[in-house]
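Worksheet: the structure to be examined is printed underneath.
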Amino acid sequence: MTQGAPEYEQIARIVREAFMRSGELQAALLPAMATSVLFNRYSQGMEYGPHVDTPVMGSMSNAIRSDIAITIFLSDPQSYDGGELTVFMNGISSQFKLEAGAAIAYPANTLHHVTPVTRGVRDAAIIWVQSQVRDPAKREVLWDMENAKHLTFKREGKSQAFDLISKSRANLIRMWAET
Ligand SMILES: O=C(O)CCC(=O)C(=O)O
Ligand SMILES: [Fe+2]
């Protein structure tokens, strides 16, 4: 499948639209821009050694800072062995091998790698995102507040507490967002 081929563009559009539709990803990542969708195919024996992603992607007039990488798993995990996405973060190494169609977002400034595929084929789609809020620690605060908002609403509806959490989150985004 080569970039520019009709089927490539069709699958890329489906992946991109799924990313745009996901309220959870939008609230957690606060995307300002995203790269086009890239496909990686790892057949038996292939791996991707430890690396950090290119910090700025695209061309000069269309530069996107890669704050976050998203791997969308496209192969049934039963159909291949190995191929775990491994991310080193805060001194901890986490491994991901998700169902086909599931995605994981991770900071693109971490060292990460894909372990060797020892059976079958692992297909994945990757998108890089520039966030309106560059600092992962700030994004975590905003994500926690988003969850606090939902929990409060579930318990007491549009209460005064809910309005104050909503106001604070919105105003923190106003303070922190680069546009
Ligand atoms: O295939 C993956 O899950 C990750 C690929 C990756 O790290 C990359 O393309 O930079
Ligand atoms: Fe990567």
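Atoms within a ligand are numbered from 1 in the order they appear, just like the ligands themselves.
- Nearest approach of Ile64 to Ala34, heavy atoms of both residues: CD1-O, 3.3 Å.
- Between Thr115 and Tyr48, every side-chain heavy-atom pair lies at or beyond the 4.5 Å cut-off.
- The distance cut-off of 2.8 Å around the Fe ion (ligand 2) captures these protein N, O or S atoms, sorted by chain and number: His51 NE2, Asp53 OD1, His112 NE2.
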Item to complete: Walk me through it: do Leu142 and Asp144 pass the test side chain to side chain contact (heavy atoms under 4.5 Å, CB included)?
Response: CA-CA 5 Å; Leu142 296 169; Asp144 286 345; over 6 Å; no
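- Across all their heavy atoms, Arg65 and Ser131 have their closest contact at NH2-O, 3.7 Å.
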Worksheet entry | Test log, rule side chain to side chain donor-acceptor pair (under 3.5 Å), inputs Trp128 and Asp53 | CA-CA 9 Å; Trp128 286 274; Asp53 295 329; 2.8 Å; yes
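- Near His112, the atoms of ligand 1 lying under 4.0 angstrom from a non-hydrogen atom of the residue are 7 (O).
- Proximity to Asn40 (heavy-atom distance under 4.0 Å) selects the following atoms of ligand 1: 1 (O), 5 (C), 9 (O).
- The part of Tyr106 lying near ligand 1 is the side chain, judged by heavy-atom distances below 4.0 Å.
- Aromatic pair Phe88/His112: centroids not less than 6.0 angstrom apart.
- Atoms of ligand 1 found under 4.0 Å from any heavy atom of Asp53, numbered from 1 in the order shown, are 10 (O).
- Under a 4.0 Å criterion applied to the non-hydrogen atoms of Tyr48, ligand 1 contributes the atoms 6 (C), 8 (C), 9 (O), 10 (O).
- Ligand 1 has no atom lying under 4.0 Å from any heavy atom of His113.
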Practice prompt. Apply side chain to side chain donor-acceptor pair (under 3.5 Å) to the pair Thr71 and Tyr106, showing each step before the final yes or no.
Written response: CA-CA 8 Å; Thr71 290; Tyr106 48 99; 2.9 Å; yes
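- Between Tyr42 and ligand 1 there is a heavy-atom distance shorter than 4.0 Å.
- Those atoms of ligand 1 with a heavy atom of Val114 less than 4.0 angstrom away are 1 (O), 2 (C), 3 (O), 4 (C).
- Under the 4.5 Å side-chain criterion, counting only non-hydrogen atoms from C-beta, Gln130 is not in contact with Ser66.
- Taking the ring centre of Tyr80 as origin, the terminal cationic atom of Arg119 falls outside the region bounded by 6.0 Å and 45° from the ring axis.
- Remark: Phe162 pairs with Phe153 by the ring pair (Phe, Tyr, Trp, His ring centres under 6.0 Å) rule, at least two apart or across chains.
- Residues Phe96 and Thr86 fail the side-chain proximity criterion, which asks for heavy atoms closer than 4.5 Å.
- Within ligand 1, the atoms closer than 4.0 Å to a non-hydrogen atom of Thr71 are 2 (C), 3 (O), 4 (C), numbered from 1 in the order shown.
- Taking a 4.0 Å cut-off on heavy atoms, Trp128 registers as neighbouring ligand 1.
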